[in-house]
Amino acid sequence: MYSAHETGLDELWKDTRAGLGSSVAIDRRGEHAVASYGSSVLIYDAVHKLTASLPSQTQDSGTAATYTVSYRNDGNRVEDVSLSATPPAGVTVSLAPTQFDLAVGASREVTVTVTLPATRAPGTTSIPLEHKLSNGLDGTGTSTLAISVPTKHDLRLEAVGPASLGVQPGGVATFQVMANNAGNVQESGNLALTGIPSGWSAEVSPTSLALAPGASLNLTVSATPPSTAPHLAQADLVLQRTGGPTLALTATVGAGFGTTIDGPRGATLAPGQSQLLNFTVKNTGNAPDTLLVRLGNLPSGWQVSFLTGLSEHRLEGMAAKGSSGDTTLVQATIRAPVGSASSVAVQFVATAQSLADPTKTDSHLVLLTVEEPVESETSSTTESGGGGDNGIPGVPPLLLALALVGLGLLARRKASR
């Protein structure tokens, strides 16, 4: 018995035994057939069986991974297979392909992409993969992809605003800190400060935390120098969760931070050629600082970098304003793409930032003009004196013509003698 379709026939079953009855009873879909064989009755049933082979994998929370699931047709009919997934809340799953035909005995690999949230709890994450045969007419089934998720500790302490502050003698430097649990297990523990100089006082509030995965908590750290603290006396504090991460905070007596950056107001480039730009960066604060210089974005095809090849340049240990070493030269190379000549200037910005107080920044704008180089002219057209095209520099055409006429008359007189 065959099933007819647009591209041909599919054999459903056959029996070549002699003596098989001449009449066969079948149902509408060809799933069951009854035939006589002598004094016996033969019954043929369709078998629909899809077998899945699933990998055993380990995947970290907060990541995406791809797995291969194989499906084999162990039945006796060509199967029209459709797939779907019902992952747990927060887990994203995609299948490719989601529908295919599968011949008897054949196998098909399906790509399963799984994305786990950062807060996915450790243990086994089970993802049911449902299949339907002929949209459910020939059966359904479920296979489970089991993924082992390991424990991930990721408590983060980050300054909200400056990590370095100036403070007056007897005053209070107040730091804002965010504690964030980016792992997949509860994070708890006491908070403590170390590095408190003699005569200073410092505290953190609250003094402990208990954060579920994905939760965060605002902390306040305060540092107070004695009223007799000398100018630029410094407290290098370390905030730590017991057995966990740390955060460095610095309070400096009388410190103020700032920076400036200066350079050319404009530059003219030739397409496809590089040019050097010089920037002057200065520490305008009254305490040593580390300054970060960044190069801005340019249109597609342009290239710009510091001499290191990077788009950022770190200036360590810049001296306070008025001291030797408070100013330094930073150089960058810039290249305009071929064919970029234009009468419209391109704006480019370089920025300097204080790392002691990241809110203190300064920017410098450079207008970049791209022009095609002017070709040099030949000597016959650049000589002064009105020589024109006669090849004799400095002689006007009219005088040359009169001279030629005079030479002609002189020649005739000689010939007539």
Side-chain angles (χ1 to χ4, degrees), residues 155-180 189-209 216-262 280-294 312-328 330 351-363:
L155 176 64
R156 302 176 184 181
L157 299 176
E158 300 172 339
V160 181
S164 181
L165 292 174
V167 60
Q168 296 303 315
V172 180
T174 303
F175 302 89
Q176 302 300 324
V177 178
M178 173 73 73
N180 179 45
N190 294 324
L191 296 167
L193 287 170
T194 59
I196 305 173
S198 176
W200 289 61
S201 64
E203 61 181 13
V204 56
S205 177
T207 58
S208 64
L209 54 79
S216 59
L217 177 67
N218 291 318
L219 309 173
T220 299
V221 175
S222 59
T224 303
S227 58
T228 57
H231 182 62
L232 297 186
Q234 189 167 286
D236 294 315
L237 305 176
V238 177
L239 173 65
Q240 182 176 27
R241 195 285 307 270
T242 305
T246 62
L247 174 65
L249 302 169
T250 301
T252 306
V253 175
F257 303 101
T259 181
T260 59
I261 183 171
D262 199 7
T280 301
V281 182
K282 184 173 184 178
N283 177 8
T284 59
N286 63 359
D289 198 354
T290 296
L291 305 179
L292 183 64
V293 187
R294 293 187 179 94
E312 292 187 353
H313 189 62
R314 194 181 180 102
L315 303 174
E316 302 278 357
M318 293 283 289
K321 178 181 178 181
S323 304
S324 176
D326 68 345
T327 304
T328 189
V330 178
T351 302
Q353 181 182 38
S354 163
L355 292 189
D357 183 353
T359 64
K360 305 298 184 181
T361 63
D362 188 42
S363 297

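Between P225 and G171, the shortest heavy-atom contact is CD-O, 3.2 Å. Residues W200 and A251 share a closest heavy-atom pair of CH2-O, 3.7 Å. When all heavy atoms are compared, the tightest approach of A173 to V167 is N-CG2, 3.6 Å. Across all non-hydrogen atoms, the minimal contact from L209 to A179 is CD2-CB, 4.1 Å. What you find for K282 and T259 is that their closest heavy atoms are O-OG1, 2.9 Å. Across all non-hydrogen atoms, the minimal contact from F257 to A287 is CE2-CB, 4.0 Å.
Not one N or O on the side chain of N283 forms a donor-acceptor pair closer than 3.5 Å with the backbone of D326. Although no hydrogens or angles enter the test, the distance criterion places a donor-acceptor pair under 3.5 Å between the side chain of T284 and the main chain of G258. Side chain of N286 to backbone of G256: a donor-acceptor contact under 3.5 angstrom is found.
The shortest distance between side-chain heavy atoms of I261 and T351 does not fall below 4.5 Å. Contact check for V293 versus E312: no side-chain heavy atoms found under the 4.5 Å cut-off. No side-chain heavy atom of S205 sits less than 4.5 Å from a side-chain heavy atom of L219. Counting only heavy atoms from C-beta outward, the side chains of R314 and T290 approach each other to under 4.5 Å. By the 4.5 Å heavy-atom criterion applied to side chains, P169 and P226 are not counted as neighbours.
Judged purely by distance below 3.5 Å, without hydrogens or angles, the side chains of T361 and Q353 never pair a donor atom with an acceptor atom. One side chain, D289 or S354, offers a donor N or O that lies under 3.5 Å from an acceptor on the other. Side-chain contact of S222 with T174: a donor-acceptor pair under 3.5 Å is absent, judged by distance alone.
Residues forming a side-chain hydrogen bond (donor to acceptor under 3.5 Å, both in side chains) with T228 (at least two apart in sequence, or on another chain): none.
Among residues at least two apart or in separate chains, side-chain hydrogen bond (donor to acceptor under 3.5 Å, both in side chains) pairs with a member in residues 246-258 are Q234-T252, D236-T250.
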M318 vs T328, side-chain contact (heavy atoms from CB on, under 4.5 Å): CA-CA, chis, key distance, verdict: CA-CA 9 Å; M318 293 283 289; T328 189; 4.0 Å; yes

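With rounding to the nearest 0.5 angstrom, the CG atom of L291 is 13.5 Å from the NZ atom of K360. Rounding to the nearest 0.5 Å places CD of E158 at 14.5 Å from CD of Q176. The CG atom of L239 lies 8.5 Å from the OG1 atom of T194; values are rounded to the nearest 0.5 Å. In this structure, the separation between CZ on F175 and CG on L247 is 9.5 Å, given to the nearest 0.5 Å.
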